[in-house]
Amino acid sequence: MSVKSLLSALTSRGPHRVLRGNLAIAGQPGVVYTPESGRNLPAVAFGHGWLTSAGHYRGLLEHLASWGIVAAAPDTERGPIPSHLGLATDLLTTLDICTGVRLGDGAISVDPERLALAGHDMGAGAAVIAAGQRPVATVASLFPAPTAPAAEGLAPGLDMPALILAGATDLGSIRSNAIPMATTWSGPALLRALDKASHNGIIEGRRLLTAVGAGKHELRTARLTRALLAGYLLATLNDDKTYRPFADPQATIPHTAVVDPTAPREEQPQKLKTVGRMVTLLRR
């Protein structure tokens, strides 16, 4: 199947029915989405962006679950002065719940060797901070923003593979640290720029900053990001050769371009052409 066909397929929901659970039952505020059943599934803990919540990524999390990936997100550090270290800690707690707590009626389990950390905006940096505290199979950083401590300062100590996504017009912005993160990452880091995408385009629903004209949802950006993330996680966590192009820096994927973070700034693309308690789950 061609990359274009794979991208089209991944843009749509996957073959699995999706269940939803409340992480608070296990002591961590947040949500978890899983396939209806499955043993030794891959899992990802996802960190939300600034002044948002886990609920603003419901479509993304459900999408991953529909493709066979347990997707969970802590719902903490939602205020104007969040702790990035605190969110990182909660991401690791979320992974512990996924691997150590019974999900649903016991028909779902997670493989502790197939775990990922991911996030958007400040949550992308929190995922990197968490990865510096505990090894995982891979990290996915979506439209990352600066954090304290700085993710790019921790990246030299991380040797797992990483996917970094950024809007083509955001690469030179102070709002994005995608280039320095990719430059300093010790392991294989794949930096892709998305055509006509802004850093807050994947946030779903209404949020505080929308009232002042910032952070509007971009359906095209959200759909493309879901497909890229799902394909990458299927390739890396499942070692599925079908989706290997999504983890391959040589692969050409429509509406994106691979960025060399060491190239001079003028060569960067500005406009692209192309634990023990059960977590109860409900069918969505």
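The analysis underlying the following values was restricted to heavy atoms, covering all of them including side chains, and did not include hydrogens, waters or symmetry mates.
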Query raised in the report: Got a donor-acceptor contact below 3.5 angstrom from the W185 side chain to the M160 backbone?
Result: yes

Query raised in the report: Is the closest side-chain heavy-atom distance between P161 and L190 below 4.5 Å?
Result: no

Requested in this report: Starting at CD1 of I202, measure out to CG of L224 and round the result to the nearest 0.5 Å.
Outcome: 11.0 Å

Query raised in the report: Hey, are the side chains of V70 and P35 touching, using non-hydrogen atoms and a 4.5 Å cut-off?
Result: yes

**Report entry** Backbone of L234 reached by a side-chain donor or acceptor of D240 within 3.5 Å
**Finding:** no

Report task. Please name all residues satisfying salt bridge (charged side-chain N to carboxylate O under 4.0 Å, His left out) with R114, sequence neighbours left out, ordered by chain then number. Result -> D111

Query raised in the report: Atom CZ of R192 and atom OG1 of T256: how far apart are they, to the nearest 0.5 Å?
Result: 4.0 Å

Query raised in the report: Can you get from F246 to M1 by hopping between Ile, Leu, Val, Met, Phe, Trp and Tyr side chains that sit under 4.5 Å apart?
Result: yes

**Report entry** From CG (L163) to CG (L142), nearest 0.5 Å
**Finding:** 7.0 Å

Query - Heavy-atom pair with the smallest gap, counting every atom of I108 and S37 - result: CG1-CA, 3.9 Å

Report summary line: Rounding to 0.5 Å, atoms CG (L158) and OG1 (T138) come to a distance of 11.0 Å

Query - Between D260 and T262, a side-chain donor and acceptor under 3.5 Å - result: yes

Query raised in the report: Which atoms form the tightest heavy-atom contact between L91 and G123, and what is the distance?
Result: CD1-O, 4.5 Å

Query - CG on N177 to CD on E152, rounded to 0.5 Å - result: 4.5 Å

Requested in this report: Without swapping roles, check the side chain of E62 against the backbone of R13 for a donor-acceptor pair under 3.5 Å.
Outcome: no

Query - Partner residues of T221 under the side chain to side chain donor-acceptor pair (under 3.5 Å) criterion, sequence neighbours left out - result: E218

Query - Donor-acceptor pair, side chain of E204 and main chain of G59, under 3.5 angstrom - result: yes

Query raised in the report: Among side-chain atoms of S2 and S5, is any donor-acceptor pair under 3.5 angstrom?
Result: yes

Report task. Ignoring hydrogens and angles, tell me if any N or O in the side chain of S8 forms a donor-acceptor pair with the backbone of K4 under 3.5 Å. Result -> no

**Report entry** Passing candidate, side chain to side chain contact (heavy atoms under 4.5 Å, CB included) with H84, options T89, I129, V128
**Finding:** I129

Report task. Give, for atom OG1 of T34 and atom CD1 of I69, the distance between the pair rounded to the nearest 0.5 Å. Result -> 12.5 Å

Query raised in the report: How about P149 and L85: do any of their side-chain heavy atoms sit closer than 4.5 Å?
Result: yes

Query raised in the report: Mind checking what makes salt bridge (charged side-chain N to carboxylate O under 4.0 Å, His left out) contact with D170, not counting sequence neighbours?
Result: none

Query raised in the report: Sub-3.5 Å donor-acceptor pair from the side chain of H48 to the main-chain atoms of T76, do we have one?
Result: yes

Requested in this report: Using the test salt bridge (charged side-chain N to carboxylate O under 4.0 Å, His left out), find all partners of D121 that sit at least two apart in sequence or belong to another chain.
Outcome: R175

Requested in this report: Decide yes or no for P80 and L51: does some side-chain heavy atom of the first lie under 4.5 Å from some side-chain heavy atom of the second?
Outcome: yes

**Report entry** Distance-only donor-acceptor check, side chains H63 and S66, under 3.5 Å
**Finding:** no

Report task. Quick one: list whatever passes salt bridge (charged side-chain N to carboxylate O under 4.0 Å, His left out) with R244, sequence neighbours left out. Result -> none

Query raised in the report: Got a sec: does the CD of Q133 have more than 12 other heavy atoms crowding it under 6.0 Å?
Result: yes

Query raised in the report: Who are the ring-ring contact (aromatic ring centres under 6.0 Å, His included) partners of Y57, not counting sequence neighbours?
Result: F46, H120

Report task. Work out which heavy atom in A155 is nearest to a heavy atom in T184; give both atom names and the distance. Result -> CB-OG1, 3.3 Å

